[in-house]
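Scroll down for the structure; my scribbles are underneath it.
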Amino acid sequence: MIAEKLYEARRTAKAIPSFSSVGVALDLVQAYEVQNTLLERDLSSGRALCGYKLGLTSRAKQIDVGVDQPILGYLCADSELTYPFQLPTASLIHPRVEPEIAFVLKQGLVGKVSAREALKAVEMAVLALEVIDSRYENFQFQLADVVADNTSASHFVMGSKNLLNDWDRIETLGVLLTKNGELVQTGTPAATLGNPLNALVALVELLSGQGKELKAGAVVLTGGLTASIPVLKGDWIEVRSQHDKLTLEIA
Ligand code: OOG
Ligand code: MG
């Protein structure tokens with residue numbers, strides 16, 4: 001029932017009140033069950049799972065949405081925008097963008113792993129943009145609401161420069177987000193639990209708690225480095241670091 005409402009809100013691009021705000025109390029376990037039901041629905045409609053995302057790994061994001069612990073969501077292959085990057089807003093509710101670091105794995109990971117082990121499993125680390133689109137009115141929700149809503153997952157864009165080549169300096173890399181040419185956010189990959197690898201370790205642990213693993217080839221979004229920025233049709237967004245630059249047109 002809850003999954004159905006979220007599925008319809010996404011399909012019709014019509015926001016619904018959060019469940020907590022209308023007195024439907026979910027705990028985190030139930031919220032992940034709802035998320036898994038949504039995943040099953042997506043898979044049975046022909047979508048393919050391509051990886052996972054972390055949410056709320058940075059203080060900026062925790063403050064942004066008013067909740068305080070990392071959570072996970074799933075990513076479907078058709079949510080990745082391909083070059084030239086254009087976000088179709090007609091099918092979305094109130095999209096926002098946030099800069100992230102993303103990994104592509106060359107080996108699977110399961111259970112409790114160290115950051116060093118996690119690094120060995122990484123094929124590529126890239127600058128990325130996540131587009132989030134909460135299915136809840138005014139982007140207002142409690143932790144369990146947003147978990148049920150697959151952590152607001154909508155679309156994502158991956159850079160092509162492999163940051164592993166300069167990984168020792170990842171924590172001090174600067175990331176700039178501009179909207180229509182104006183600088184709106186600055187951040188660093190250290191925002192995600194100190195290092196994006198710590199976020200990857202946390203994800204593997206969270207997944208293991210659900211009896212799941214990360215498979216070779218999986219994409220992982222490690223969490224917003226800054227607060228998210230609302231976008232409207234006609235805007236253009238650029239995310240930039242020393243190594244890479246991505247431009248997203250809001251269409
Ligand atoms: C929740 C999703 C959080 C992140 O990177 O922290 C997230 C939201 O902000 O709606 O994707
Ligand atoms: Mg995110």
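Every number for a ligand or one of its atoms is a count from 1 in the order of the listing. Hydrogens, waters and symmetry mates play no part in the numbers below; they use all other heavy atoms, side chains included. Heads up: numbering here begins at 1 and tracks the sequence.
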Distance filter under 4.0 Å to [X] heavy atoms, resulting ligand 1 atoms:
{"X": "Phe139", "answer": "10 (O)"}
{"X": "Val65", "answer": "8 (C), 9 (O)"}
{"X": "Ile132", "answer": "8 (C), 9 (O), 10 (O), 11 (O)"}
{"X": "Gly55", "answer": "3 (C), 4 (C), 6 (O), 7 (C)"}
{"X": "Val146", "answer": "1 (C)"}
{"X": "Lys53", "answer": "2 (C), 7 (C), 11 (O)"}
{"X": "Leu54", "answer": "4 (C), 5 (O)"}
{"X": "Phe141", "answer": "8 (C), 10 (O)"}

Do any nitrogen or oxygen atoms of [X] come within less than 3.5 Å of a nitrogen or oxygen of ligand 1?
{"X": "Thr151", "answer": "no"}
{"X": "Glu130", "answer": "yes"}
{"X": "Gly224", "answer": "yes"}
{"X": "Lys61", "answer": "yes"}

By atom name, which N, O or S atom of [X] is the nearest to the Mg ion (ligand 2)?
{"X": "Glu100", "answer": "OE2"}
{"X": "Glu130", "answer": "OE1"}
{"X": "Glu98", "answer": "OE2"}

Can [X] and [Y] be counted as an ion pair, charged N to O under 4.0 angstrom?
{"X": "Lys5", "Y": "Asp149", "value": "no"}
{"X": "Glu8", "Y": "Lys14", "value": "no"}
{"X": "Asp78", "Y": "Arg47", "value": "yes"}

* Please indicate whether Gln142 has more than 12 foreign heavy atoms, meaning atoms of other residues, nucleotides or ligands, lying under 6.0 Å from its CD. =>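 12 or below, so no.
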Look at [atom] and say which protein heavy atom is nearest, naming residue and atom and giving the distance to 0.1 Å.
{"atom": "atom 8 (C) of ligand 1", "answer": "Ser152 OG, 3.5 Å"}
{"atom": "atom 7 (C) of ligand 1", "answer": "Glu98 OE2, 3.3 Å"}
{"atom": "atom 6 (O) of ligand 1", "answer": "Leu56 N, 2.6 Å"}

* Distance only, no hydrogens: is a donor on one side chain within 3.5 Å (strictly under) of an acceptor on the other, for Glu171 and Asn195? ->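 Short answer, yes.
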* Asked: Are Asn198 and Thr192 linked by a side-chain donor-acceptor pair shorter than 3.5 Å?
  -> no
[atom1] of [X] to [atom2] of [Y]: how many Å apart, nearest 0.5 Å?
{"X": "Leu38", "Y": "Tyr32", "atom1": "CG", "atom2": "OH", "answer": "13.5 Å"}
{"X": "Lys212", "Y": "Leu72", "atom1": "NZ", "atom2": "CG", "answer": "7.5 Å"}
{"X": "Glu117", "Y": "Lys112", "atom1": "CD", "atom2": "NZ", "answer": "11.0 Å"}

Is the shortest distance from a heavy atom of [X] to ligand 1 less than 4.0 Å?
{"X": "Ile71", "result": "no"}
{"X": "Gly223", "result": "yes"}
{"X": "Glu100", "result": "yes"}
{"X": "Asp64", "result": "no"}

With side chains defined as the heavy atoms from C-beta onward, is the minimum distance between [X] and [Y] less than 4.5 Å?
{"X": "Leu54", "Y": "Leu193", "answer": "no"}
{"X": "Leu87", "Y": "His155", "answer": "yes"}
{"X": "Phe156", "Y": "Leu81", "answer": "no"}

* In this structure, which one of Thr247, Leu248, Ile250 forms a side chain to side chain contact (heavy atoms under 4.5 Å, CB included) with Phe85? ->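 Answer to the side chain to side chain contact (heavy atoms under 4.5 Å, CB included) test with Phe85 among Thr247, Leu248, Ile250: Leu248.
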